[in-house]
Amino acid sequence: MSHGKIEAALCAVLRQMGVEQPTVQLERPRDLSHGDVASNVAMTLARELKRSPRQIAEQIAESLDLEAAGVEAVEVAGPGFLNFRLSSGVVASVLRGILVRDEAWGRSETGGGERVMVEFVSANPTGPLHIGHGRQAALGDAIASLLTWTGWQVHREFYYNNVGLQMESLVLSVHARYLQHFGLEAEIPEGGYHGGYITEIAEGLAQEVGDRYVRDFAEQSLDEIRAFVVPILRAEQDRDLNDFRVFFDEFYLESSLYSEGRVEAAIQALKDTGLVYEHEGATWFKTTEFGDQKDRVMVRSNGLPTYFVPDVAYHLHKWQRGFHRVINVQGSDHHGTVDRVRGGTQALGLPEGFPEYVLHQMVRATRDGEDVKFSKRAGSALSLRELYDEVGVDVTRYFFQMRKPDAHMLFDVDAALDQSDKNPVYKIQYAHARMCSIFAKAGIEAESIEAGATDLSVLDHELERELVKNLGEFTETLERSARQCTPHVLCEYLEQTAGSTNGWYHAGNPTRNPELAVLAEDPEIRQARLVLARAVQIVLRNGLTVLGISAPTRMDRAILDEEP
RNA sequence: GCGCCCGUAGCUCAGUUGGAUAGAGCGCCUGCCUCCGGAGCAGGAGGUCGCAGGUUCGAAUCCUGCCGGGCGCGCCA
């Protein structure tokens, strides 16, 4: 806003007071009673001027040219803060911008159109997705969306670990159930998969091929079974994700790293750095050179590469594909891989902070105050689909997004099922729907509302000023949320804005408090408040859109019940 | 043992990277309420910010050391 003017006026006064190179910090106070803009200069200069912060502040306040600073009033408060109050019209002018930019409101160009890859979920195709994957899917998708809104060109990627020991274990597990289907003795291997879905797939296999693998088990039979099993599980994961409104631009297969020779190439490249040595028959790489705690084996004594190598090859390829910024969203149990991967990529010449990581902690689900037990079919924790089928996609996404990634979270199913304002998701959606219902009641189309020459200075009630203040902070909140890769920052903002909205709306109940009603008698006030209501609607809708959550115009019971 | 994350109201969690009297929701207490939209509204009680030092005008936030919980630690991924 008009921070520049205030800064200039402050500097002018400070120079008069003998400060040679004044640097002024302006901030937006949390509390509305502290004005619209505040500065702490008096406190920071206390030492230099050898006077108390309050004295300095008083002097500044007296000598300040209010008109030049573009403020209505200035006052000294607390330990020595200078609080500036702008005229309500100036503050409310932000509403004009909101109405004009509409669906683009909140977008910024911070990213400058640069490409960024967000890799997330990347579950092994060994079973249905559980709630841990759900948290990652909701977080990763929101982060990707936040980056899009702040001017980045975003690529969503899913990495399939389709080679390795768990794959073998999966196939052997299906094979065991398959044999059992024909009444034969068989056991799930140690570390194998016990979920009911394994039996389902084994039954399907039996239907497809009959007892062929019982009669005639050959060398390539396991490969054939695998070719049968994996697509089924992949398809199920894809369905679960798509119904959760999570979509990817690319599925990257680990196996392609081998078939395209990237693993071999990476081994050679790592050897060429000279940072390798032989020890106990294995080949080691000196990741400690790059801050890792220990050196890592890259080629085992049996001649096969460890996971370290394809991981480095994969990230090298990300860079080569033109993604010079990559964000990996992973469970925090993988944090040990961070220094390892970076060690490898740095050795090959990539910059220090590549790739970036967002590590999130585990999820615990409770119902009636007790932990939700295992899902029999999934054979693990509660499955993602079971969860969102019960509480709805909007609520599930939001609950995962509203907590900061690096702390454990509790998913309270009872709280999620609540459909009143107590549930933060509905609180925000209700606030949005209320604005829409006002327009309906007024008999006007939301899109037709224009600020034009409307006198917005009539929006000077405390509740209105607070709401306007909130709305003006949407873009910067979105930027911060994106910069920190923390969607919960946006969630907090939306909840707070919805709270202000509901407070304003309730205070303006026509039968109790007609002078604050949105649809006021006075046409000028009515028009100004409609502008405010429209701005609220835009901000809430855009915010929900960023998070991939719907913004209903009506909250009918029927809609709630069939909510996807 | 080493490394990373966490510790804030009875419970679940925020706290804009050092600012003003530490904030929401649930639960609890007290009043309203048949209302532009439904389990609604207004208010209240509730805190040694894990503990102890340090840095400075000023610390939940930064630095050090402890305590407690989670996760990870050379040929698994």
Side-chain angles (χ1 to χ4, degrees), chain A residues 25 27-31 33-34 38 40 42-47 52-54 77-81 83 124 161 163-167 191 254 279-285 287-288 291-308 310-311 331-339 359-362 366 369 402-412 414-415 418-424 427 430 433-434 436-438 440-442 473 476-477 480-481 484 488-489 491-493 495-496 499 502-503 505-512 517-519 554-557 560:
Chain A
Q25 274 184 358
E27 61 187 33
R28 204 188 300 259
R30 201 177 302 216
D31 191 330
S33 68
H34 297 147
N40 60 358
M43 280 128 83
T44 57
L45 287 173
R47 170 167 288 198
S52 83
R54 278 205 70 107
F81 282 100
N83 292 337
N124 298 328
N161 289 118
V163 294
L165 290 177
Q166 347 82 305
M167 279 291 105
E254 183 186 4
H279 178 65
E280 292 177 0
T283 307
W284 296 65
F285 186 78
T287 48
T288 48
D292 199 2
Q293 273 195 285
K294 297 181 174 176
D295 289 340
R296 307 293 171 175
V297 172
M298 55 179 273
V299 183
R300 291 182 264 172
S301 47
N302 64 5
L304 295 173
T306 61
Y307 188 70
F308 170 66
D311 228 1
S332 61
D333 52 335
H334 287 80
H335 79 254
T337 66
V338 174
D339 287 338
L359 301 177
H360 67 87
Q361 294 282 356
M362 298 298 119
T366 62
M402 73 181 180
R403 301 297 181 216
K404 70 171 157 224
D406 49 12
H408 292 94
M409 72 161 283
L410 194 73
F411 196 112
D412 185 337
D414 301 306
D418 188 302
Q419 295 192 343
S420 75
D421 272 3
K422 291 173 190 166
N423 184 328
K427 176 176 171 180
Y430 266 118
R434 278 177 185 129
C436 296
S437 82
I438 289 172
K441 188 166 180 72
E473 289 168 351
E476 63 197 62
T477 302
R480 186 159 55 87
S481 194
Q484 301 175 165
H488 80 279
V489 168
C491 294
E492 288 290 326
Y493 169 84
E495 263 184 79
Q496 206 204 329
N502 290 336
Y505 173 83
H506 289 301
N509 183 319
T511 56
R512 258 176 295 173
V518 179
L519 302 179
R554 294 152 31 102
M555 296 293 281
D556 287 338
R557 196 57 163 199
L560 287 179

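Below, read A as the first sequence line, B as the second, and so on, with proteins coming before strands; counting in each chain starts at 1. Reckoned from all heavy atoms, side chains included, excluding hydrogens, waters and symmetry mates. Small disclaimer: the values here were computed from a predicted structure and weren't measured.
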Exercise for review: Measure the distance from CZ on A:Arg434 to P on B:C35 and round it to the nearest whole Å.
Suggested key: 16 Å
Review point. Does A:Arg54 reach the main-chain N or O of A:Gly78 with its side chain, forming a donor-acceptor pair under 3.5 Å?
Key: yes
Review point. Contact class for A:Thr477 vs. all strands (heavy atom < 4.0 Å): base, sugar-phosphate, or nothing?
Key: nothing
Practice item. Please evaluate the base of B:G19 for a donor-acceptor partner in the side chain of A:Asn40 within a cut-off of under 3.5 Å? Key: yes
Check your understanding: Given the P atoms of B:A9 and B:U17, what is the spacing between them in whole Å?
Key -> 24 Å
Check your understanding: Taking OP1 and OP2 of B:C41, is either one under 4.0 Å from a side-chain nitrogen or oxygen of A:His506?
Key -> yes
**Study point:** Pairing partner of B:G1 (Watson-Crick or G-U wobble, both distances under 3.5 Å)
**Key:** B:C73
**Study point:** Rounded P spacing from B:G50 to B:G10 in Å
**Key:** 13 Å
Check your understanding: Roughly, in whole Å, what's the span from CZ in A:Arg54 to C1' in B:A20?
Key -> 11 Å
Point to revise | Which nucleotide in B:C36, B:G74, B:C13 has an atom nearest any side-chain atom of A:Ile438 | key: B:C36
**Study point:** Shortest side-chain distance from A:Ser437, nucleotide among B:G37, B:C57, B:G70
**Key:** B:G37
Point to revise | Whole-Å C1' distance, B:G19 and B:C32 | key: 39 Å
Exercise for review: Provide, to the nearest angstrom, the distance between the CG atom belonging to A:Asp311 and the C1' atom belonging to B:A77.
Suggested key: 9 Å
Exercise for review: Measure from CE on A:Met298 to C1' on B:C76 and round the result to the nearest Å.
Suggested key: 17 Å
Exercise for review: Measure from the side chain of A:Met409, starting at C-beta and using heavy atoms only, and say which of B:A20, B:C76, B:C13 lies closest.
Suggested key: B:C13
Check your understanding: Taking the side chain as C-beta and beyond, is there a heavy-atom pair between A:Tyr307 and A:Glu254 under 4.5 Å?
Key -> yes
Exercise for review: Find which nucleotide of RNA chain B each of A:Asp295 and A:Phe308 is nearest to by heavy atoms, and output the residue with the more 5' nucleotide.
Suggested key: A:Asp295
Revision key, fill the gap. If pairing means Watson-Crick or G-U wobble with both distances under 3.5 Å, then the partner of B:G7 is B:C67
Review point. Choosing from B:G25, B:A14, B:A20, which nucleotide comes nearest the side chain of A:Pro29?
Key: B:A20
Check your understanding: How far does the P atom of B:C49 sit from the matching atom of B:G43, given to the nearest Å?
Key -> 27 Å
Study note, to complete from the structure: Regarding the side chain of A:Asp406, the nearest nucleotide among B:G72, B:A77, B:C5 is B:C5
Point to revise | Whole-angstrom distance between B:C26 and B:C5, as gauged at atom P | key: 33 Å
Practice item. Assign A:Glu280 to base, sugar-phosphate, or nothing according to its heavy-atom contacts below 4.0 angstrom with the strands shown. Key: base
Point to revise | Nearest-nucleotide pick for A:Arg480, side chain only, options being B:G3, B:G25, B:U16 | key: B:U16
Check your understanding: Counting side-chain heavy atoms from CB outward, which of B:G72, B:C73, B:A14 is closest to A:Asp333?
Key -> B:G72
Check your understanding: Would A:Arg296 and A:Thr306 satisfy side chain to side chain contact (heavy atoms under 4.5 Å, CB included), going step by step from the backbone distance to the final call?
Key -> CA-CA 9 Å; A:Arg296 307 293 171 175; A:Thr306 61; over 6 Å; no
Study note, to complete from the structure: Closest non-hydrogen contact found for A:Tyr505 with A:Arg434 is CE2-CD, 3.5 Å
Check your understanding: Expressed in whole Å, how much space separates the P atoms belonging to B:A14 and B:C62?
Key -> 15 Å
Exercise for review: Taking the side chain as every heavy atom from C-beta outward, state whether A:Gln293 and A:Asp339 have any atom pair closer than 4.5 Å.
Suggested key: no
Review point. Do NZ/NE/NH1/NH2 and the carboxylate oxygens of A:Asp412 and A:Lys422 come within less than 4.0 Å?
Key: no
**Study point:** Pairwise 5' ranking along RNA chain B for A:His34 and A:Gly503, keeping only the more 5' one
**Key:** A:His34
Revision key, fill the gap. On a heavy-atom basis, the closest approach of A:Met362 and A:Ser332 is CE-N, 4.3 Å
**Study point:** Closest to the A:Asn83 side chain, choosing from B:G74, B:A20, B:C36
**Key:** B:A20
Point to revise | Base of B:A39 paired with side chain of A:Asn423 (donor-acceptor, under 3.5 Å) | key: no
Review point. Just to confirm, is there a sub-4.0 Å distance from OP1 or OP2 of B:C6 to any side-chain nitrogen or oxygen of A:Lys404?
Key: no
Check your understanding: If you measure from the C1' atom in B:C63 to the same atom in B:G25, how many Å do you get, rounded?
Key -> 35 Å
Review point. Taking the same atom, P, in B:C28 and in B:U64, what whole-Å distance lies between them?
Key: 44 Å
Review point. If you look at every strand shown and take non-hydrogen atoms under 4.0 Å, does A:Ser301 touch a base, only sugar-phosphate, or nothing?
Key: base
Review point. Heavy atoms under 4.0 Å, any strand shown: does A:Gln484 hit a base, just sugar-phosphate, or nothing?
Key: base
Point to revise | A:His335 side chain near B:G70 phosphate (N/O to OP1/OP2, under 4.0 Å) | key: no
Exercise for review: Using a 4.0 Å heavy-atom cut-off across all strands, classify A:Asp414 as base, sugar-phosphate, or nothing.
Suggested key: nothing
Review point. Over how many whole Å does the gap from A:His334 atom NE2 to B:C71 atom P extend?
Key: 14 Å
Check your understanding: With a non-hydrogen cut-off below 4.0 angstrom, is A:Glu492 in contact with a base, only sugar-phosphate, or nothing?
Key -> sugar-phosphate
Exercise for review: Using a 4.0 Å heavy-atom cut-off across all strands, classify A:Ala38 as base, sugar-phosphate, or nothing.
Suggested key: base
Exercise for review: Report the distance from atom NZ of A:Lys427 to atom C1' of B:C26, rounded to the nearest whole Å.
Suggested key: 12 Å
Check your understanding: If we require ring centres under 5.5 Å and near-parallel planes under 30°, does A:Tyr505 stack on B:C36?
Key -> yes
Exercise for review: Could you tell me whether B:U16 is syn or anti, where syn means a glycosidic angle within 90 degrees of zero?
Suggested key: anti
Study note, to complete from the structure: By the Watson-Crick or G-U definition, both distances under 3.5 Å, B:U17 is matched with none
Practice item. May I have the distance from A:Gln496 (atom CD) to B:G15 (atom P), rounded to whole angstrom? Key: 12 Å
Review point. Does A:Thr287 reach the main-chain N or O of A:Lys294 with its side chain, forming a donor-acceptor pair under 3.5 Å?
Key: yes
Review point. Which pair of heavy atoms, one from A:Glu27 and one from A:Phe81, lies closest together, and at what distance?
Key: OE2-CE2, 4.0 Å
**Study point:** Base of B:G37 and ring of A:Tyr430 stacked, centres under 5.5 Å, planes under 30°
**Key:** no
Point to revise | Side chain of A:Val489 (C-beta onward), nearest among B:A20, B:U16, B:G15 | key: B:G15
Revision key, fill the gap. Taking B:C26, B:C13, B:G37 as options, the one with an atom nearest any side-chain atom of A:Lys422 is B:C26
Practice item. Would you kindly give the CD-to-P distance between A:Glu495 and B:U12, to the nearest whole Å? Key: 17 Å
